[in-house]
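Indexing begins at 1, ligand by ligand and atom by atom, following the structure's order.
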Amino acid sequence: MIDSKLPNVGTTIFTTMSQLAAETGALNLSQGFPDFDGPQALRDALSRHVAQGHNQYSPMTGLPALRQQVAAKIQRSYGVKVDFEREVTITPGATQGIFCAVQTVIRPGDEAIIFDPCYDSYEPSVELAGGRCVHVQLDPQNFAIDWQKLSDALSPRTRLIVINSPHNPSGALLGRADLDRLAALIAGRDIYLISDEVYEHLVFDGRQHESVLAHEALYARAFVVSSFGKSYHVTGWKTGYVVAPPALTTELRKVHQYVSFCSVTPLQYALADFMAEHPEHVEALPAFYQAKRDFFCDHLAASRLRFERVGGTYFQLVDYSQIRPDLNDVDMATWMTREHGVASIPVSVFYQSPPEGQRLIRLCFAKREETLLQAAEKLCAI
Ligand code: PMP
Ligand code: GLN
């Protein structure tokens, strides 16, 4: 028998729930992806570039035109200049970027602090590098950082902290004061930061995304990760990027070039064209997804689910304790898929040890209105 390097990893909940939704014909509000297509012009650009023969390897660091567009978008969004040659690397998905950033800084025996509930790819990446994750729980009510817990978790072995805002699965946002506090806490320590900002453009109610890119002290030690999949409605394109100061980028690229070498070429051409022609696309995203959140939440108001509208991401957390307090969230998600035709994600899977009695599931609202309406009707009938 092979001695597993990841003995605690099985099939991810995203695969499990999407499969169950497909088997049962349930509406799939589990795994996070839109049920509508990316912009026509973007898809046309891909066909054009494939037809024009842009089908061989791209530069290891990413197509210069796309890296330039990323730098231009960063300047427009956050008012900061990054050097596309020395600080921007295109990766085959944010997941690969995170993996490479972890391998860049974690050595055997190092500790990485992650916040629960936590996206599932961080811990295996740390373990494969020989490190160990120290889990710090976010406040179970509002998913804010508990600074005392974070401070207690720091040790001389802490080499990395992973933050994620807007936060999957809760939709919580870090504010400027949080970034300042984090910077003060780790000042003078040999700690790197991965800032997972894949939902950077999905921020609602007039709030602004506080990017680590615009925080000088944190950026000096950070890998900031984003995903074209989220911002351009093409999760299956698995293309993302990592922005980091030149010295960190140099080391990150040494890893990236042996994990994948480069990212898919025609996708990068298509994204570069689309970003150049439609800079307004990302600016429209907050209103676009806020309308979906509100449409869904308005129609859920008559249900026995309890919720507070999320501040960001395309996920809505709902508390089902008025419906089936007897079921844990994994059983609830399964029961709801099988018996009521709506698939969701149980929140406990994002924890090392879930808070006692928590009754939360996550619903993805990156869906057409008709899907959201049908789902809300089904959920109101439970
Ligand atoms: N981080 C978070 C928080 C996510 O929700 C996702 C979504 N899949 C990713 C990273 C990975 O993005 P990608 O699909 O570009 O690898
Ligand atoms: N990020 C997506 C989610 O949270 C899933 C990505 C995946 O399937 N691994 O639903």
Residue pair V9 / D120, side-chain heavy-atom distance below 4.5 Å: no
Heavy-atom side-chain contact between I161 and F115 under 4.5 Å: yes
Validation row: L66, F228 side chains within 4.5 angstrom (heavy atoms): yes
Worked verdict on T371 versus L29 for side chain to side chain contact (heavy atoms under 4.5 Å, CB included): CA-CA 9 Å; T371 312; L29 271 52; 4.3 Å; yes
Heavy-atom closest contact (Y78 atom, A214 atom, distance): O-CB, 4.0 Å
Protein residues that have a heavy atom under 4.0 Å from any atom of ligand 2, sorted by chain and number: F14, Q31, G32, Y119, N168, Y199, K230, F315, R362
Close approach, T235 and ligand 1, non-hydrogen under 4.0 angstrom: no
Residue-ligand contact K230/ligand 1, heavy atom below 4.0 Å: yes
N/O separation below 3.5 Å, Y119 to ligand 1: yes
Min side-chain heavy-atom separation D294-F204 under 4.5 Å: no
Heavy-atom check, side chain of L360 versus side chain of D329, under 4.5 Å: no
Ligand 1 atoms in contact with G93 (distance to a heavy atom under 4.0 Å): 15 (O), 16 (O)
Protein heavy atom at shortest distance from atom 11 (C) of ligand 1: T95 OG1, 3.3 Å
Any side-chain heavy-atom pair of Y199 and S226 under 4.5 Å: no
Check: Y192 and L248 side chains under 4.5 Å, non-hydrogen atoms: yes
Per-residue contact class, Y199 against ligand 1 - non-hydrogen pairs under 4.0 Å: side chain
Salt bridge (Lys or Arg N to Asp or Glu O under 4.0 Å) contacts in which one or both residues fall within residues 70-79, not counting sequence neighbours: K73-E200
Min side-chain heavy-atom separation H209-P166 under 4.5 Å: yes
Within reach of ligand 1, part of Q96 (heavy-atom separation under 4.0 Å): neither
For atom 2 (C) of ligand 1, closest protein heavy-atom neighbour: D196 OD2, 3.3 Å
Heavy-atom nearest neighbour in the protein, as seen from atom 12 (O) of ligand 1, with distance rounded to 0.1 Å: A94 CB, 3.5 Å
Distance from atom 14 (O) of ligand 1 to nearest protein heavy atom, with residue and atom: K238 NZ, 3.0 Å
Mode of V198 contact toward ligand 1 - side chain, backbone, both, neither (heavy atoms, under 4.0 Å): side chain
